[in-house]
Number of protein chains: 2
Amino acid sequence: MAASLKIISEQLGLSKAAVSIYFKDPSTRRISKENKERIRRLADELNYRPNVIAQSLSSLKSHVIAILIPLNVSYFSSTFLNQALCGIQSVLFNKGYNFIFIPTRGSNSPVIVRKQLERSRGYDGFILFGTRACSEENMRENVEQMLKADYPFVVLNMPDLGYEINQIVNVTPKSSSAIRYLLELGHEKILLMAGARQAPDTVLAIQEYRECFSERGLAVNENLFLNGDYEEMVARSELLQAINNGIEFSAIYCLTDTMALGAYEALNEKGLKIPGDISVIGKNDSFFARFLNPPLTSVRVLMYEAGKLGAKNLLRRIESNETPRKIFLKNELILRLSSAVYRPLNMDQGIE
Amino acid sequence: MAASLKIISEQLGLSKAAVSIYFKDPSTRRISKENKERIRRLADELNYRPNVIAQSLSSLKSHVIAILIPLNVSYFSSTFLNQALCGIQSVLFNKGYNFIFIPTRGSNSPVIVRKQLERSRGYDGFILFGTRACSEENMRENVEQMLKADYPFVVLNMPDLGYEINQIVNVTPKSSSAIRYLLELGHEKILLMAGARQAPDTVLAIQEYRECFSERGLAVNENLFLNGDYEEMVARSELLQAINNGIEFSAIYCLTDTMALGAYEALNEKGLKIPGDISVIGKNDSFFARFLNPPLTSVRVLMYEAGKLGAKNLLRRIESNETPRKIFLKNELILRLSSAVYRPLNMDQGIE
DNA sequence: TGCATTAGATCAGTCGCGAAG
DNA sequence: GCTTCGCGACTGATCTAATGC
C-alpha cells in the first residue's frame, strides 16, 4: 500500500490539505516549521510520492497528450511517424507534457479512433496522425468526433481537410513533383508504387500523376499503379510480378523510401541497373536514402517540422485557447543518383 | 464543460450509481428499460464519455505503462529503441494497456529517472530503458528507486545488473563477437567506434576487446578507441580526424549501424575501399544494413524480442504477481560484404 | 423474495475560504 | 487589517450496503 496524503496527514494529526500545501511548495509559509519538518520526515520514511492520477483529477489537467494513430499494427518502425514523434517530443517535453499511446483492436480507422476517444476523456489534447489505413473521409469522421467532444487537437499527415482546425499539411509544390521531374527526364512509362487506393497519400499521388500526364497529352496506363502497401517486401514482390508480366516502364516513383528499398531488391534480382535501365525515386528522404547504391532520389517531407509545429499549435490552443490554424509545409525533391535521363531499354538484354 | 455522471444523473433525477451501472454494462437488468433509454439519450446528447482519470483513481488501476528513457533528447530516431517499442507495443496493445512517455529536463540518468518517478505514481508498471547516458551504476540507482517504491518494472537494454528483477539482457556469445571475427580474419589493428567511456555498451565492448586481444597475446592500442557518441556525424568526423592523425587500422567495429554510416562516409571521402582497404562491422543489424554499399556486416541484437518479452514479464508481474525473471537473448553476427580477410594497406596509394 | 434504485464512502489529490493570533 | 495556519468541499468515477415496493 503506497503512502498517500491521507495516511501522512492522519499519522501526523493534520489535514490532507496541509500536507498537500507543503508538497506543492515546500518553502510555503502557510505551514509551520515544525509541521513541515514532521511532514518531510514521515513522507521520507513512508516513501511518499504524489499520485499523478489523483492530481490530474483534482486539478482537471492531466498534462498528457494522447497520440491517436489509426493503425492496429506496431508503428514505431515507420520512419515517417518517427520523424514526427521526434518533433512532437521536442516540444512537449520542453513544456512538461507527457504523451500517451492508446491501444485499440478495431479494424478500420473510424472504429479505432472512436474507441480511442472513448478511453481518452481526461487527457489535455490530441494529435491525430493520418495513416495508410485512414482515408480522407475516415479522418473527417474522426475530426467530427473531436469537434463534437470539444477536445483540443491537431491533425498531422493528412491532406487539407477543409475544416478550420489545427492542421499541418505537407504539400508537394509542382517544382518538387517526382512525376513531373521524371517526365522532364523523358520517361513516359512511369510505374507508381503506391498503397491501397483509399490511402490519402495514394489518392493524391494518382491525382497528381493524372494531372501531369494530361498536361502533356499523355495517356495514363493504370497497370502502372501498383499497391506496395507501404511495405518493403510487398513492394518487392509486386514489382517482380509486374516485370514477370511484361509490364513496361522506365521509372518508378515509390510513395515511401521503404518501398524503394523493395524496388531496389527486385530490380537487382532482375539484373536491371539503376538508373541506367530504370530510374527510381522514393519519398520521405529517410536518413538511409543517401547511403543506398545508388543514392536514392527522394521527396523530402518535413515530418519533424510538422510534428513540432503541430505540437506547438496544440499547446497554444490548450493553454491560451488560441484559434486553430492551418500550416502548409512544402516538400522538396532531393536529387541523387537513382534517377537519370530516359534511355530506351533493350529488354532482351536487361531481363533474363 | 464536459458531461459527467453527476450531470447526467442530476438532469434525469437518478443517482450517479444508476448511471454508472448502466455504462459499465448496458445490458444490465438492474436498470429499468425506460431509464436505460433516458440515460442513453441524454448521454448521447451531452456527448458523454467516461473520464479515464477518474476511472483510474477509483479502480486504482490505470492500465498505463510508463516508459522511462534516461535521455533528454528526442529518441524516436533510434532504431534500437524503435525495435524495442514495436515489441512492447505488440504486447501492451493486445492486453489493453496504454503507454506513456514522461518528460524530464535532468542532466543525467539518475536525476532524469528520479524526476520521472516523482511524476509516475498511479501508473501500473514501468519499463526502464538503458541508454548511452545511463551507466550501469546509474541504472542500479534507478533500480533501487523502483524497488524502494515497490513499482512493477522491467529493465531493457542493459547488461545483467545482478538483481533479482525482471530484466531482458542481450548478450554477445563468443561465436558472434565482431572483434573475435575480425581477429580471425587477420586484422590486428581494429578501431572501435564506441560511445562515451561510461556507456554500458561501450564498457562491455572495450572489455570484450581486451579479452580477445589478450587471449591472442596482442597488445591493445587505446588510440583505437574512438567516441562516436552513437551519432553518424560524430563518428564520421572522429574517424576522419583519426585518419588525418595517421592512426593505422585495417578494420572498424562500430557499436551502432548509424555510426557505421558515418564510417562509410569518412572512408569514402578518404578514398578507402570497403572492405578492400578497411573492413567495417556495425551493430544492431538495422533494416538498411543490407542495402548499403557494400552491404554491412552487423551484430544483430534482438531488440524487438527484448521489448516483447519485457512487456510480457512486466504484465505477468502486474496481473499475477509472478516472480521476476531474467532472460538472456543472444546476439548474432550477420555476415555481409563489408568485412573481409586482412590485406596490408598501401597507405601511399589509399589515402590521398 | 426479487427487482430497481440510491445514499454514501472511497480513491488521492487541489483550491478557496475562514479563523485565530 | 494582515499573517499564519488549517480545513471543508470538490474533482468523476466505482463499489458496498441498504431501502422501498
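Note that the coordinates shown come from a computational prediction; the quantities given were computed from them, not determined experimentally. Each chain gets a letter, A, B and so on, in the order its sequence line appears, and its residues count up from 1.
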Could you tell me which residues satisfy salt bridge (charged side-chain N to carboxylate O under 4.0 Å, His left out) with A:Arg316, sequence neighbours excluded, listed by chain and number?
A:Glu322

Applying salt bridge (charged side-chain N to carboxylate O under 4.0 Å, His left out), can you list everything that pairs with B:Lys61, at least two apart in sequence or on another chain?
B:Asp124

Sub-3.5 Å donor-acceptor pair from the side chain of B:Ser109 to the main-chain atoms of B:Cys134, do we have one?
no

For A:Lys6 and D:dG8, give me the distance from atom NZ to atom C1', rounded to whole Å.
15 Å

Just jot down the salt bridge (charged side-chain N to carboxylate O under 4.0 Å, His left out) partners of A:Lys326, sequence neighbours excluded, or say none.
A:Asp160

Quick test of your reading of the model: are B:Arg140 and B:Glu136 salt-bridged, counting only N-O distances below 4.0 Å?
yes

Show me the protein contacts with nucleotides 2-8 of chain C, counting only N or O atoms at under 3.5 Å.
from, atom 1, to, atom 2, distance (Å)
C:dA4, OP2, B:Arg29, O, 2.3
C:dT5, OP1, B:Ser32, OG, 3.0
C:dT5, OP1, B:Asn35, ND2, 2.4
C:dT5, OP2, B:Ser32, N, 2.4
C:dT5, OP2, B:Ser32, OG, 3.1
C:dT5, O4, B:Arg30, NH2, 3.1
C:dT6, OP1, B:Gly13, O, 3.4
C:dT6, OP2, B:Ser15, N, 3.0
C:dT6, OP2, B:Ser15, OG, 3.3

How close or far is atom C1' of D:dA13 from atom CD of A:Glu118, stated in whole angstroms?
17 Å

Which atom pairs, donor and acceptor, lie under 3.5 Å between side-chain atoms of residues 11-20 of chain B and protein residues at least two apart or in another chain?
from, atom 1, to, atom 2, distance (Å)
B:Ser15, OG, B:Ala17, N, 3.4
B:Ser15, OG, B:Ala18, N, 3.2

Under the salt bridge (charged side-chain N to carboxylate O under 4.0 Å, His left out) definition, can you give me all pairs with a residue in residues 64-78 of chain A, not counting sequence neighbours?
none

Phosphate OP1/OP2 of D:dA13: any B:Lys24 side-chain N/O under 4.0 Å:
no

Could you state the CG-P distance from A:Asp25 to C:dT14, rounded to the nearest angstrom?
12 Å

Strand contacts (DNA chain D) in residues 45-59 of chain A, 4.0 angstrom heavy-atom criterion:
A:Leu57, A:Ser58

If you look at every strand shown and take non-hydrogen atoms under 4.0 Å, does B:Ser4 touch a base, only sugar-phosphate, or nothing?
sugar-phosphate

Listing request: all salt bridge (charged side-chain N to carboxylate O under 4.0 Å, His left out) pairs with a residue in residues 107-119 of chain B, at least two apart in sequence or in separate chains.
none

Take atom NZ of A:Lys61 and atom P of D:dG12, then tell me their distance rounded to the nearest Å.
15 Å

Only counting residues at least two apart or in another chain, list the ones meeting side chain to side chain donor-acceptor pair (under 3.5 Å) with B:Asn82.
none

Nearest-Å distance for atom pair CG/C1', residues B:Leu60 and D:dT14
10 Å

Looking at residues at least two apart in the chain, or sitting in another chain, which of them share a salt bridge (charged side-chain N to carboxylate O under 4.0 Å, His left out) with B:Arg40?
B:Glu37

Take the protein atom CD1 of B:Ile7 and the nucleotide atom P of D:dA13, then report the distance between them rounded to whole Å.
9 Å

For the helix from C:dG2-D:dC21 to C:dG21-D:dC2, what angle separates the axis at the start from the axis at the finish, each from five pairs, in steps of 10°?
80°

Partners of A:Glu10 by side chain to side chain donor-acceptor pair (under 3.5 Å), sequence neighbours excluded?
none

